[in-house]
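Working notes, structure below.
For clarity, every value in this text was computed on a predicted model and none was experimentally measured. Counting from 1, the numbers follow the sequence of the chain as shown.
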Amino acid sequence: MNKAFYISSLVLSVLFGFIIIYYIELVSYSRYSSFLDSYNYLDSGAEKTEEAALISLLFFSFFITTFLLGLIKIKRVTNKVLSIIGLSVSALFLLWDLVMWSSPSSLSFDEVGIGFFFFTPMVVAFSIVGIIQSNRFKRQGVLYKQQVESDLLDS
C-alpha cells in the first residue's frame with residue numbers, strides 16, 4: 001500500500017511541477033496585463049492565485065499523507081528520517097500556501113510558485129527513496145522486526 005502511495009506521489013509531483021509552471025505564467029500574464037487595462041486593474045491575478053492555491057492545497061495534503069503513512073507503516077530508519085523531513089517541509093509549504101490563499105491580492109502565485117517549484121524535486125527524491133525502502137521493508141518482513149535497531153541509517 002505504501003509503495004502505491006509513493007509511486008502516486010512521484011507521478012503527482014511531476015504533474016504538480018507542470019501545473020506550477022502553468023499557473024505562474026497565467027498569474028504573471030494576468031498581473032502585468034492588468035497594468036495596461038484600467039478596468040481589470042483590481043483583479044490583477046487574484047482569482048487565478050486563489051485557484052492555484054486551492055490546487056496546491058490538494059497536492060500538499062496528498063504529500064503530507066504520503067509522508068505520514070511512510071512514517072507510520074515503514075519501520076526503517078532512513079524512511080523515518082526522510083518522512084520527518086518531508087512532513088516538516090511540506091507543512092511549511094502548506095502554511096505558505098494558506099497565507100497566499102488568505103490574501104491573494106497581496107501575495108500572488110507567480111511570487112510563491114517559484115518556491116513550490118523547487119519543492120517538487122525534493123518530493124521526487126523522497127518518493128524514490130520511499131519506494132526502495134518499502135520494497136526492502138516488505139522483503140525483510142519479520143526478520144527485520146526481530147533485529148535490534150541501531151542508530152545508523154540502514155542501507
Side-chain angles (χ1 to χ4, degrees), residues 1-74 76-138 153-155:
M1 180 172 110
N2 282 331
K3 187 176 176 182
F5 267 100
Y6 279 120
I7 291 172
S8 299
S9 182
L10 180 68
V11 171
L12 287 178
S13 63
V14 173
L15 178 68
F16 186 45
F18 287 119
I19 290 173
I20 288 170
I21 292 171
Y22 172 74
Y23 273 102
I24 286 174
E25 289 297 318
L26 190 66
V27 170
S28 178
Y29 176 76
S30 177
R31 281 183 63 200
Y32 293 118
S33 68
S34 69
F35 291 131
L36 302 175
D37 186 16
S38 62
Y39 176 73
N40 197 17
Y41 183 71
L42 295 176
D43 176 33
S44 70
E47 290 178 8
K48 298 299 179 188
T49 298
E50 284 182 12
E51 187 178 321
L54 182 62
I55 292 170
S56 298
L57 181 72
L58 296 174
F59 279 99
F60 288 133
S61 299
F62 182 78
F63 296 145
I64 287 173
T65 303
T66 302
F67 291 134
L68 191 60
L69 285 175
L71 181 66
I72 294 170
K73 298 274 185 176
I74 301 173
R76 294 184 58 91
V77 178
T78 303
N79 197 55
K80 286 182 181 182
V81 168
L82 291 180
S83 292
I84 290 171
I85 293 170
L87 279 170
S88 302
V89 174
S90 297
L92 288 174
F93 276 98
L94 179 68
L95 181 65
W96 198 10
D97 185 47
L98 291 174
V99 167
M100 179 186 60
W101 194 21
S102 67
S103 61
S105 58
S106 62
L107 186 64
S108 66
F109 191 77
D110 61 339
E111 299 166 343
V112 175
I114 304 293
F116 289 177
F117 185 73
F118 287 117
F119 171 75
T120 56
M122 185 201 75
V123 175
V124 168
F126 285 8
S127 297
I128 291 170
V129 172
I131 292 168
I132 293 168
Q133 292 297 315
S134 66
N135 281 339
R136 288 185 180 174
F137 181 70
K138 186 177 180 180
L153 293 177
D154 41 29
S155 59

ask   = Of all heavy-atom pairs between K73 and F137, which one has the smallest distance, and what is that distance?
value = O-CE2, 3.7 Å

ask   = For S134 and I74, which heavy atoms make the closest approach, and how far apart are they?
value = CB-CD1, 3.4 Å

message = Minimum heavy-atom separation for G113 and I24, please, with both atom names.
response = C-CD1, 3.5 Å

query = Which atom pair, heavy atoms only, marks the closest approach of T78 to V129?
reply = CG2-CG1, 4.3 Å

Just list the side-chain donor-acceptor pairs under 3.5 Å for residues 57-71, sequence neighbours left out, or say none.
from : atom 1 : to  : atom 2 : distance (Å)
S61  : OG     : L57 : O      : 2.8
T65  : OG1    : S61 : O      : 2.8
T66  : OG1    : F62 : O      : 3.0

By salt bridge (Lys or Arg N to Asp or Glu O under 4.0 Å) - contacts of E25 (at least two apart) = none

note = d(Y22 OH, K48 NZ) to nearest 0.5 Å is 6.5 Å

message = What I'd like to find out is whether the side chain of E51 reaches to under 4.5 Å of the side chain of Y23, using heavy atoms alone.
response = yes

key: Atom of D110, atom of S28 and distance for their closest heavy-atom approach   = OD2-CA, 3.6 Å

ask   = With sequence neighbours excluded, what pairs up with W96 under the ring pair (Phe, Tyr, Trp, His ring centres under 6.0 Å) test?
value = F93, F116

task = Please name all residues satisfying side-chain hydrogen bond (donor to acceptor under 3.5 Å, both in side chains) with S102, sequence neighbours left out, ordered by chain then number.
result = none

List the atom pairs, with distances to 0.1 Å, where a side-chain N or O of residues 1-10 and a protein N or O form a donor-acceptor pair under 3.5 Å, not counting sequence neighbours.
from : atom 1 : to   : atom 2 : distance (Å)
K3   : NZ     : N135 : OD1    : 3.3
Y6   : OH     : N79  : OD1    : 3.3
S8   : OG     : A4   : O      : 2.8
S9   : OG     : S127 : OG     : 3.1

remark   = E50 meets the salt bridge (Lys or Arg N to Asp or Glu O under 4.0 Å) criterion, sequence neighbours left out, with none

task = Specify the closest pair of heavy atoms between M100 and A53, including all atoms of both residues, with the distance to one decimal.
result = CE-CB, 3.5 Å

From S56 atom OG to F119 atom CZ, the distance as rounded to the nearest 0.5 Å = 10.0 Å

remark   = CD1 of I55 to CD1 of I20, rounded to nearest 0.5 Å, is 10.5 Å

query = Roughly how far apart are I21 CD1 and L26 CG, rounded to 0.5 Å?
reply = 13.5 Å

